There are 2 protein chains.
Amino acid sequence: MTPRQNRQRDRGIPEATVARLPVYLRALTGLQEREVATVSSEELAAAAGVNSAKLRKDLSHLGSYGTRGVGYEVEYLVYQISRELGLTQDWVVAIIGVGNLGRALAGYGGFASRGFRVAGLLDADEAIVGQEISGKTVAHIDRLEEMIAEHGVSIAVIATPAGAAQGVCDRVVASGVTSVLNFAPVVLSVPEGVDVRKVDLSIELQILAFHEQRKAGGPGDYEPVAGGGEDPPGPAQYVEAVEA
Amino acid sequence: MTPRQNRQRDRGIPEATVARLPVYLRALTGLQEREVATVSSEELAAAAGVNSAKLRKDLSHLGSYGTRGVGYEVEYLVYQISRELGLTQDWVVAIIGVGNLGRALAGYGGFASRGFRVAGLLDADEAIVGQEISGKTVAHIDRLEEMIAEHGVSIAVIATPAGAAQGVCDRVVASGVTSVLNFAPVVLSVPEGVDVRKVDLSIELQILAFHEQRKAGGPGDYEPVAGGGEDPPGPAQYVEAVEA
DNA sequence: AAGCCTTTGTGAATACGCGCACAAAGTGGC
DNA sequence: GCCACTTTGTGCGCGTATTCACAAAGGCTT
């Protein structure tokens, strides 16, 4: 991802900071529910699982919203972060692909609670079209463009099989959508100016497996290839290992 | 040190590299299906959506597996990456929390296809216990420790409501699990040596909203203080703070 | 075998993110 | 009003990640 030129003022909030703001926000709303009025960077950092200096630096990118000697006013900070993240306005979301995952997403409470409104569910499978899921009727994918225009969809959630994802992506982008959340296990290619974020369960598991393996002693406890001397194993031999 | 550290199965593979290896692996298996025998770093990088120099450097951490002037042999590279990630062995997974998301996870094909075996599904809800989901019968959460020990679970997937997640996490960690994939919207605290990865749909959407908002002109070009249209949360206090 | 062409592997430069440590700023007590 | 105490905001150094650019290495052709 390119560090896009951010000409807007001094609003160059680091990407790493942006990624943490939602975490802070969640911790803060938790405090709000417990009616805590103010919180120190130390406390909030602990709740968010980060270093307190990092938290202060992150917040300093939004402005100077703390009070030295006291801390941050919870409610005020919630509002500032929400505004920075764009959560003070509503975002219209379309979920494309109503398989197991799409269904789970449609029923996910975390959407509505933060200003994300699911305008519609779409699928190509005639057997699914027409079904009612979480209070919404599944529409046919043919009506994708229509729905995007009609409801003003600005974020598309792609939960289709891998093979259909790029095609769907092209269509939503052609319809003017510039933000895509992709659950399909493919790398989507999009034109400049379109943001894609990817969630991939399989990749997360593989990363965990790597660390788990390392804890257990790393790869090559056994040498998987004969003649494991100093040279890298030749290409011819591993095939047996793989197919064995 | 010689430029070629033979057997540089250096445990110091950068985290950023590890996170990309599964992406390369997926691109490679795609090539395998199309029966492509060799691939250049340029082509593979394009398929994985990264810079080719980065790809080469990533692969160089695993060893010197390419041929200059030719590229990488697809099948060989698939094997090497799989081995490095620990996918040449089976990993036993337990899914805790069988709501919408847990159900979707249970049926997710990406698990089984990479050596992840779902040993069991667990839930606290008596109405769900006993149901059959994707060929597995849901067990009661009381049998968590028993199941972990019996099946040798090494990765726990937590898909419970937020409130239950930390408790479940403590229990799986106490049972010896050292890798956790957390879907619950909470920050889990775990002892040293336990890896936690988090997937949070809501956070991803919020990050997209931030960028979407910025594309549209950024937050609060005008001061979003009282009278500005929306009702900011909370009474009068922070309004003063804004203007002060 | 020699030369040309392609592509890898990597040194070097740059950018970025993190966390320490501390001065500045504000609060509360007396 | 002054002082002691708390906590923010940030300068700075360090380590990691990314990208460029090129020499080395291999194959292919003649």
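Please read all numbers here as calculations on a predicted model, not as lab measurements. Below, chain A is the first sequence line, B the second, and so on; all start at residue 1.
- Look at NE2 on A:His61: it is 17 Å from P on D:dT8, rounded to the nearest Å.
- With rounding to the nearest 0.5 angstrom, the CH2 atom of B:Trp91 is 12.0 Å from the CD atom of A:Gln206.
- When the P atom of C:dC18 is taken as reference, atom CD of B:Glu15 falls 14 Å away, rounded to whole Å.
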Applying side-chain hydrogen bond (donor to acceptor under 3.5 Å, both in side chains) to B:Glu84 and A:Gln213, what does each step give before you reach the verdict? CA-CA 9 Å; B:Glu84 198 64 47; A:Gln213 172 175 247; 5.6 Å; no
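- With sequence neighbours left out, the ring-ring contact (aromatic ring centres under 6.0 Å, His included) criterion links B:Tyr108 to B:Phe111.
- In this model, the phosphate group of D:dG9 is approached by a side-chain N or O of A:Tyr72 to a distance below 4.0 Å at OP1 or OP2.
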Would you tabulate the side-chain donor-acceptor contacts of residues 29-36 of chain B under 3.5 Å, counting partners in other chains and residues two or more places apart, or write 'none'?
from: B:Thr29; atom 1: OG1; to: B:Leu25; atom 2: O; distance (Å): 3.3
from: B:Thr29; atom 1: OG1; to: B:Arg26; atom 2: O; distance (Å): 2.8

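- Annotation: B:Tyr65 is in aromatic contact with B:Tyr76 [ring centroid separation under 6.0 Å].
- Looking at residues 19-28 of chain A, you'll see that no heavy atom sits under 4.0 Å from any atom of DNA chain D.
- Formation of a donor-acceptor pair under 3.5 Å by the B:Ser82 side chain with backbone atoms of B:Val78 is found in this model.
- To the nearest angstrom, P of C:dT8 lies 14 Å from CG of B:Asp58.
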Check: protein-nucleotides 24-28 of chain C nitrogen or oxygen pairs below 3.5 Å:
from: C:dA24; atom 1: N3; to: A:Arg68; atom 2: NH1; distance (Å): 2.7
from: C:dA25; atom 1: O4'; to: A:Arg68; atom 2: NE; distance (Å): 3.3

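- Residues from residues 38-57 of chain B that place a heavy atom under 4.0 Å from any atom of DNA chain C, listed by number: B:Ser40, B:Ser41, B:Arg56, B:Lys57.
- Looking at heavy-atom distances under 4.0 Å, A:Thr17 makes no contact with the nucleic acid at all.
- One atom, OH of B:Tyr65, and another, P of C:dT10, lie 13 Å apart when rounded to the nearest Å.
- Using modelled atom types, no side-chain atom of B:Glu212 and backbone atom of A:Ile155 make a donor-acceptor pair closer than 3.5 Å.
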Side chain to side chain contact (heavy atoms under 4.5 Å, CB included) evaluation trace for B:Val23 with A:Asp200: CA-CA 10 Å; B:Val23 180; A:Asp200 194 312; over 6 Å; no
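- Looking only at distances, no side-chain donor or acceptor of A:Asn51 sits under 3.5 Å from a matching main-chain atom of A:Leu55.
- Within the structure, every pair that satisfies the salt bridge (Lys or Arg N to Asp or Glu O under 4.0 Å) test and touches residues 171-195 of chain B, not counting sequence neighbours, is listed here: A:Lys215-B:Asp195, B:Glu145-B:Arg171.
- Within the 3.5 Å criterion, the main-chain N or O of B:Ser189 finds a donor-acceptor partner in the side chain of B:Gln166.
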